[in-house]
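Counting starts at 1 for both ligands and their atoms, in listed order.
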Amino acid sequence: MRPFLKPSLFSRPVRRLSVMSRQGSVLRAGMGSLALCTLTGLAAAGAAGANAAGQSAAAAMPSASGAAVAQRDAGPLEWMMRAHQPASAAAVQGAPAAAHVATTASSRHRAASAPAPELGTVAAAGAEAPGVPAREAAALYAQHCASCHGATRMGAMGPALLPESLERLRHGTIVQTIRDGRPATQMQAYGRTLTEAQIRGIARWLQQAPEQAPSWTEADMRASHHTFVQPDYGPVAPVFRADPRNLFVVVEAGDHHVSILDGDTFTPLTRFASHYALHGGPKFSPDGRFVYFGSRDGWVSQYDLYRLQKVAEIRVGINTRNVAVSDDGKWVMAGNTLPNTLVLLDAHGLAPVRTYPVVDRQGHPSRVSAVYDAAPRKSFVVALKDAPELWEISCDPHAEPLYKGLVHDYRLKEAMPTPAYLEPRVIPLDVVLDDFYFDPDYRYVMGASRAGKGEVISLLSGAKVADLPLRGMPHLGSGITFRHDGHLYMASTNLQTSSVTVIDMGTWKVVKDIPLPGPGFFLRSHEDTPYMWADSMMSPTARDTLSIIDKRTLQVVRELRLRPGKTNAHVEFTRDGRYALVSIMENPGELVVVDARTLREVKSLPMSKPIGKYNVFNKVTRSEGTSH
Ligand code: DHE
């Protein structure tokens with residue numbers, strides 16, 4: 001087959017030429033020191049204005065929803081499979097044709113929430129009594145709900161009530177919330193005011209897309225920006241006596257709060273309300289003073305851990321994946337699925353600086369899968385959920401320029417160099433990669449496609465350097481690295497198969513699949529402990545079991561059931577690796593402190609579904625046993 005010479009995209013000096021065949025596959029060949037750039041992708045992205053982001057998202061909204069409803073009876077594993085489906089597949093399975101953005105978002109979120117207690121307790125939707133018609137439901141919403149959740153359901157004092165925001169909840173859970181209210185929030189119980197049919201009608205109406213597609217413009221973003229305090233960014237002393245580098249930030253998903261914990265005494269310093277459904281790890285400034293949160297419904301918040309006060313917040317989108325903080329502490333980048341944008345914020349106060357429409361080389365919008373801080377490269381790496389591309393955005397004012405366009409040799413200056421600072425560089429991929437892990441130097445990205453196919457991509461050249469022989473659905477994002485006998489290993493849980501996979505990062509070969517009692521989600525370790533801790537929270541029967549694996553022998557040495565029958569998951573170590581903090585992910589739940597040597601419980605604190613906890617020292621020093 002003769003390749004159709006359509007330039008693929010490289011923007012730094014590379015040693016390989018990529019050409020795309022008419023069939024769309026990328027062929028690569030060694031080419032000395034060439035720099036090739038696409039003629040289309042970035043130009044399209046750059047040309048689109050900030051408002052176009054909102055418009056393109058709006059254009060992509062479904063005319064009528066159905067995805068969330070169609071998927072309500074899916075089992076946990078099915079949800080996980082759907083979470084990893086490409087946009088087209090999700091659309092075929094029950095969503096309207098135009099639902100490129102919103103439909104795929106709807107299919108995505110179900111998976112990992114399977115262990116959430118409310119999901120299992122709700123009656124099947126098939127047995128529901130019919131609710132009042134949509135017109136009446138809309139009028140009831142305007143009368144009872146709009147003052148808190150916004151006339152357009154975009155959220156105000158209460159969270160957004162759009163299909164994308166509710167997709168992780170079953171119909172019965174929404175009915176229950178309207179009927180019974182939510183404890184410790186302003187959401188009151190409407191069971192005494194409204195009939196069952198009215199409540200069911202409102203719930204069903206909320207699961208449908210609104211007549212007017214929601215949009216989120218730069219003006220909306222700026223209007224949402226709120227500054228609580230103007231902190232002194234110079235050296236200040238904490239307002240408490242605890243070691244500020246050994247604090248834990250605990251995200252409590254049960255009632256949407258955050259607790260700050262002294263990591264030496266395991267006593268809470270403060271607890272405050274967060275935005276609805278924080279997702280992804282909170283990210284820290286390099287000195288550990290500030291922490292940044294992203295919520296699923298688009299809010300980014302900055303919190304001062306020394307002063308124990310909120311600094312600022314801004315709503316960057318309708319649906320947000322996660323946030324990353326640059327290595328120099330100057331920038332926060334937020335990745336959205338609705339609209340399809342990346343938003344760059346000033347890390348000191350969260351003022352919006354730039355909106356990047358996320359559009360692939362063919363001009364199609366894509367959701368952001370996640371944004372990561374590649375600290376050694378002084379850049380953000382962005383994974384796209386609907387396009388076979390990775391983006392890298394340099395935060396280095398002295399970064400080598402980008403060469404956009406097809407050139408023979410970038411040294412001949414055949415193309416005009418574009419300053420690379422804060423400008424996306426696009427790395428084309430063979431497949432859409434969905435889940436990622438980086439080597440400690442951020443030279444390589446390990447990625448897994450939705451079908452579980454694994455690849456290693458060099459961030460230097462943009463080329464694939466190895467295939468990863470993976471089974472099932474590896475959860476690379478929860479991976480850890482560790483060293484043993486002069487080798488650097490990466491280990492990851494698997495959402496589908498009951499094992500932890502260990503890969504030699506020198507050879508990219510799987511050295512062992514360590515059996516677990518069930519599929520797991522999170523994996524954790526620390527430089528100063530010989531063990532890694534894996535949960536099996538994707539398993540209906542073993543979600544209460546933590547497997548303690550010896551990093552030297554790759555054998556499970558103990559199975560811990562701290563609270564039998566309850567979800568035992570997500571571990572984080574103290575800064576010295578002496579204690580492991582384990583979540584009992586229930587509501588009410590607990591945080592259990594375990595001696596990492598004796599594996600004995602030393603303390604327990606009541607918490608509301610503590611979904612994750614993050615140690616300041618381990619994060620800012622990029623401990624190899626934790627996420628970054
Ligand atoms: Fe997460 C991190 C993606 C469902 C809890 N999750 C991440 C990250 C990604 C991701 C890309 C890393 C970003 C970061 O830390 O900045 N998560 C996904 C999904 O694609 C998936 C499967 C479907 C979805 O709806 O988004 C998914 N995640 C879940 C859940 O259902 C969990 C258990 C509950 C929840 O809050 O929604 C969940 N994800 C978490 C947590 C982290 C996370 C606690 C941070 C882990 C860490 O220790 O750093």
Does any N or O atom in S369 lie less than 3.5 angstrom from one in ligand 1, N or O only?
-> no

Does M585 have a heavy atom less than 4.0 Å from any atom of ligand 1?
-> no

Modelled atom types, side-chain donor and acceptor of H526 and T529, under 3.5 Å = no

Between the CZ atom in R377 and the CZ atom in R443, the distance rounded to the nearest 0.5 Å is 10.0 Å

At under 4.0 Å between heavy atoms, which part of I611 makes contact with ligand 1: side chain, backbone, both or neither?
-> both

Is any NZ, NE, NH1 or NH2 atom of the basic residue among E527 and K551 found under 4.0 Å from an Asp or Glu carboxylate oxygen of the other?
-> no

Tell me, please: is Y614 in heavy-atom contact with ligand 1, that is, under 4.0 Å?
-> yes

Check each of W533, Y614, F248 against H570 using the ring pair (Phe, Tyr, Trp, His ring centres under 6.0 Å) test, and report the only one that passes.
-> Y614

Answer with side chain, backbone, both or neither: which part of R296 has a heavy atom less than 4.0 angstrom from an atom of ligand 1?
-> side chain

Under 3.5 Å between some N or O of ligand 1 and some N or O of H279?
-> yes

Does any N or O atom in G281 lie less than 3.5 angstrom from one in ligand 1, N or O only?
-> yes

Is K609 paired with E252 through a side-chain N to carboxylate O contact shorter than 4.0 Å?
-> no

Ligand 1 contact by E572, heavy-atom criterion under 4.0 angstrom | no

State, to 0.1 Å, how close E392 and L459 come at their nearest heavy-atom pair, and which atoms those are.
-> OE1-O, 4.3 Å

Ligand 1 contacted by R321 (non-hydrogen, < 4.0 Å) | yes

